[in-house]
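See below for the structure under consideration.
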Amino acid sequence: MNHFHSYVDSLNNDELVSSIVSTSDAVKFNVDSHISNSKDVTALLMGNVQSGKTGQMFGVMCKLADNGYNVFIVLTTDNVDLQRQTFNRAKNALKTFTILSEKDEVLFNPGDLSKPIVIILKKNARVLKKWSNLLVSSGLNKGLCLTVFDDEADAASLNTLINKNRTSTINNYLNKIKKSAAGYLYFQVTATPQAVILQSQFSGWKPLFINYFKPGKSYLGGSFIYSNPKSYCIRYTSENELEEIKQEGDVLCPKGLSDSILSFLIVCAHKRLKGESNCNFMIHPSVKIDIHQKFTSFVQEYLNLLQQSSGTDEFIVQSKAAWLDLQQTKPDLFHFEDIYEQIVSILDNTLISVIPLNYKSYVCRDASDPDALDLSKGFNIVIGGNTLGRGITFPHLQTVYYCRASKTPQADTFWQHSRIFGYDREQELVRIFIPPSLHRLYVSLNESNEMLIKQIEKGVQNIQIVCSDGISPTRKNVLDNKNLRVIAGGINIFSNFPIPKFTKELDSLVLQYDSQKYVCVEPSELVNALRLTESESLIDFDKKSHISCIMALTQKRPSIKCRLVVRCNRNISRGTGTLLSPDDRALSDSFNDGVTLILYRVNGSREKGWNGEPIWIPNIRYPESMCFYDTYE
C-alpha cells in the first residue's frame, strides 16, 4: 500500500502537494544518510508559525511508512483541545493508518502491523508515564524502530533541570519512550527552534540534521507583518495603554483598543456582506489572568456603548474613520453605508463573542465538552496570554491588539505569539495595533528568524542564533551553561593563546594593507583571513564560530560594512590580557555599524614570552546591538 500517494491525493492543492513531496523526500534522504551510522536519530523539522507544519509532518510520516517504519507517536502540548484537534486531523488525513488516542491503550498491538500505528499523546506527565511503561513492556525492543514527531518540541520536552544535574519529569518520560524500541527516529517539530539548536551534544537532544518546511506563496508571515520599512498593516498605539487599563475606577477605553475594535467590526461587516460568517480578533495584553479579565470587561463595555450609540453622529464619524483606514489598502471594500448597516445589525444581535482564554478555561477543559473552543465559527474577540502562544489555531484572524511587555523578552516565546501569521487572512484588511517599542522588537525578531532560516537553507553546520541586544534566544533553564557560548557585539574579542601555524600564508594575504589605517573588504576576505588564524583552544578563540557569525550576519545584511585593520612589527608580551593600542582601540570602538577584524603581526620574541617566531593575533568586533549564541562542539 502506498501511504504517501493516498495522503497527497486527498489534498486537492497542487502547491501544498509539491511542497510536501519536496519536504518528505529531503527528510527521507537525511534519515537514510544518518541511520546507517546510528540506530538512533534525533532531527529538527522547522516550519513557520501557523504555516501548515502538521500537514508536512503527516507527509513525512507517510513517506517513512512506505519505507518500513510502522510505529509512530505524535506528541502535542499539554492541551486537551489541541490533542483532540491533532487526533481528528490524523483520523481524517491518514486513512491507511490505525490512529489511536491516549486512552486507547487496550487497542495498541504492535504484534499486528497490517497497518502502521499512530498514537496521539499530550505531553502530560500522567499520560507519558502510562505510555512509556506500556511501550517498554510491548516488545518494541525486539527489532522495531519507533518514530516520534514531537510538535512544539522546544516548549516542554527539553530538560529544565540540566544545570542542576537532574532530569525534569517530561524529559525523563520522553527518554524512556525513545529507549523503549530497538531504535528510534525522533523528530523535533517547531517554528521556534532556538532552544533545540542550542542543546549540547551531551544532552541527547541535539539534532543530527535540520529540515526546513518552506511555506506556500499565500502564507502571510514575518517578512510582511514585521518588515522594515513598516508594513501598511501596522497601527501604532500609545506606549502606556496597558497601564491605563490597569488603573482602578472609571477609565475610558484607550484609543488604540477602541480603534482596534472598530476596525474589527468593519472587517466583520465586510465578511457578512460577502456571505462569510467567521472572523477573529486576538487581544494579547499580558500573562496575568486579572489583566485578561479587565480587558474582557473593557471590550464588552465598549461594545455595549457602541450598540447604544449606534445612531449618533459620533458613532458614524468614528466608524467612517475606521472604514477609510481599511479602504486605503482595500479599495474594493464595500461602501460605507452598507458596512454601517451591517455593524448596527452585528451589535444589535450581539454577534460578537468575547472569549477570555486562560489555562483554566482552555487547557483543562474536558475533551468531551460539547462547548469546546471552536474559532472557525462566528465573530470572536479572544483575550489571553500564554495560552495564545502555541498550538491554538486562529482561522481568519484579521485584527490583533498587542501590548504585552517584558523586561527580558525571549525570542522564541514572543515569536510564537504571532498568531496573525497564516494562509487564510485577507491581506489588505489585516491590522496590528501595537506600541512602537513592541513593533521594533518584532522587526528585530523577524530579522533574527530570517538569519536562522538562511543558515539552515544553506546547510551551515555551526548555526548561530543571532539576537539583538537585550533579547535572549530562549529560557535559560533548558540550556547547559557549561556548553553554551555567547559572543557579544560591541566588545573586542581576541586570542590569548594563538599558534603560529599559518603565518606565511597570512603574510601573503594581508601584508599589503599594513600601511593603511583600515580597508573596507568583502565578508569573504575576513573569512579567509580568519581561516589562517589558530588558537590553542576553542574556548580561547574558535575561528569556525566567528566565521559562522560573519556569514550569518552578512547573508541577511549583504550591505553591512566589513573592515580589516592590519598592524605589523608589534612587540607585545604574551599573556598581557590586552592587545590593542589606545589608537586602535579607539578606532575599533568608532565602528558600530559592521564587523571589524584587526590583525596584529607580533614579533614573537622569547623575551616577551613567545617561541621566537612571528605570529598573527586576531581581534574581532561585531555591531554592539548583536549577540550570537551557539554551543561548544
Side-chain angles (χ1 to χ4, degrees), residues 451 455 460 462-469 484-503 505-507 509-511 513-514 516-558 560-568 570 572 575-602 615-633:
M451 288 185 192
Q455 292 177 79
V460 174
N462 187 32
I463 288 178
Q464 300 292 318
I465 304 297
V466 186
C467 292
S468 293
D469 188 32
L484 179 67
R485 172 170 41 205
V486 183
I487 299 175
I491 61 173
N492 290 293
I493 305 165
F494 65 93
S495 174
N496 283 290
F497 306 105
I499 299 173
K501 187 174 182 180
F502 301 108
T503 303
E505 292 86 345
L506 202 46
D507 283 350
L509 185 68
V510 302
L511 276 179
Y513 302 124
D514 176 39
Q516 301 180 54
K517 186 176 182 180
Y518 70 89
V519 290
C520 290
V521 298
E522 293 296 319
S524 59
E525 293 189 62
L526 295 190
V527 168
N528 291 336
L530 280 169
R531 286 197 175 113
L532 296 174
T533 63
E534 203 69 38
S535 175
E536 292 181 7
S537 74
L538 297 181
I539 295 176
D540 172 50
F541 193 89
D542 183 358
K543 64 180 180 182
K544 289 184 179 179
S545 182
H546 288 294
I547 288 170
S548 297
C549 289
I550 292 171
M551 293 176 66
L553 188 56
T554 55
Q555 282 169 4
K556 172 57 183 171
R557 298 181 179 179
I560 196 167
K561 291 185 178 179
C562 293
R563 298 179 178 90
L564 178 62
V565 179
V566 178
R567 301 287 186 261
C568 293
R570 299 285 154 161
I572 300 171
T576 60
T578 185
L579 177 70
L580 300 183
S581 69
D583 287 345
D584 287 336
R585 181 174 295 277
L587 180 66
S588 173
D589 292 347
S590 69
F591 297 142
N592 287 318
D593 58 346
V595 184
T596 303
L597 175 63
I598 300 177
L599 293 171
Y600 271 22
R601 193 179 192 276
V602 177
I615 185 171
W616 285 98
I617 306 178
N619 178 99
I620 194 164
R621 178 185 171 115
Y622 300 99
E624 63 182 9
S625 60
M626 292 289 178
C627 279
F628 302 82
Y629 297 80
D630 67 1
T631 56
Y632 293 107
E633 300 297 336

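Between Lys517 and Val565, the closest heavy-atom pair is O-CG1, 3.7 Å. Nearest heavy-atom pair, Phe502 versus Leu532, reported as atom, atom and distance to 0.1 Å: CB-O, 3.3 Å. Of all the heavy atoms in Ile617 and Pro498, the pair that sits closest is CG1-CG, 3.8 Å. The two residues Ser545 and Asn462 have their closest heavy-atom pair at CA-ND2, 3.2 Å. Ala488 and Ile493 make their closest contact through O-CD1, 3.9 Å (heavy atoms, listed as atom of the first residue, atom of the second, distance). Between Tyr632 and Leu538, the shortest heavy-atom contact is CE2-O, 4.3 Å.
Environment of CE in Met626: crowded, with over 12 heavy atoms of neighbouring residues, nucleotides or ligands closer than 6.0 Å.
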### Task
Would you please test Trp616 and Asp507 for side-chain contact (heavy atoms from CB on, under 4.5 Å) and show each step?
CA-CA 9 Å; Trp616 285 98; Asp507 283 350; 2.8 Å; yes
### Task
Could you please spell out the steps behind the side-chain contact (heavy atoms from CB on, under 4.5 Å) verdict for Asp469 and Glu624?
CA-CA 8 Å; Asp469 188 32; Glu624 63 182 9; over 6 Å; no
#### Entry: Tyr600/Ser581 under side-chain contact (heavy atoms from CB on, under 4.5 Å): CA gap, chis, key distance, verdict
CA-CA 10 Å; Tyr600 271 22; Ser581 69; 3.5 Å; yes
### Task
Report the C-alpha separation of Tyr629 and Val466 in whole Å, then their side-chain angles, then the decisive distance to 0.1 Å, and conclude whether the side-chain contact (heavy atoms from CB on, under 4.5 Å) test is met.
CA-CA 6 Å; Tyr629 297 80; Val466 186; over 6 Å; no
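Ion pair Arg563/Asp593 flagged as a salt bridge, since at least one NZ, NE, NH1 or NH2 atom sits closer than 4.0 Å to an Asp/Glu carboxylate oxygen. Arg621 has a carboxylate O that lies under 4.0 Å from a charged side-chain N of Asp589, or vice versa, which qualifies the two as a salt bridge. Between Asp584 and Arg567 there is a salt bridge, with a side-chain nitrogen of the basic residue lying less than 4.0 Å from a carboxylate oxygen of the acidic one.
With rounding to the nearest 0.5 angstrom, the CG atom of Asn492 is 5.0 Å from the CZ atom of Arg585. Between Ile550 atom CD1 and Leu526 atom CG the span is 5.0 Å, to the nearest 0.5 Å. Between the CD1 atom of Ile491 and the CD1 atom of Ile620 there is a distance of 11.5 Å, given to the nearest 0.5 Å. For the atom pair CG of Leu579 and CD1 of Ile598, the computed distance is 8.0 Å after rounding to the nearest 0.5 Å. Here the OG1-CD1 distance, from Thr503 to Ile615, works out to 6.5 Å after rounding to the nearest 0.5 Å. Note that OG of Ser548 and CD of Gln464 are 5.0 Å apart. Values are rounded to the nearest 0.5 Å.
Checked against the 6.0 Å centroid threshold, His546 and Phe628 do not count as a close aromatic pair.
Between Asn528 and Leu509 there is a side-chain heavy-atom pair separated by less than 4.5 Å. Between Leu511 and Tyr513, the closest side-chain pair of non-hydrogen atoms is not below 4.5 Å. The shortest distance between side-chain heavy atoms of Ser535 and Ile499 does not fall below 4.5 Å. Under the 4.5 Å side-chain criterion, counting only non-hydrogen atoms from C-beta, Arg570 is not in contact with Arg601. In this structure, Ser625 and Ser468 have side chains that are not in contact, with every pair of non-hydrogen atoms separated by 4.5 Å or more. Using a 4.5 Å heavy-atom threshold, the side chains of Thr533 and Pro618 count as touching. Counting heavy atoms from C-beta outward, Tyr622 and Ile487 have side chains that approach closer than 4.5 Å. Contact annotation: the side chain of Val486 approaches that of Leu484 to within less than 4.5 Å [non-hydrogen atoms, C-beta and beyond].
Applying the salt bridge (Lys or Arg N to Asp or Glu O under 4.0 Å) test to every pair with at least one member in residues 536-551, sequence neighbours left out, gives these pairs: Arg485-Asp542, Glu534-Lys543, Glu536-Arg574.
Relative ring orientation between Phe591 and Tyr518 is described as perpendicular, the plane-to-plane angle rising above 60° on a 0-90° scale split at 30° and 60°.
Tested against Leu530, the residues Leu506, Ile547, Leu599 include a single side chain to side chain contact (heavy atoms under 4.5 Å, CB included) partner, Ile547.
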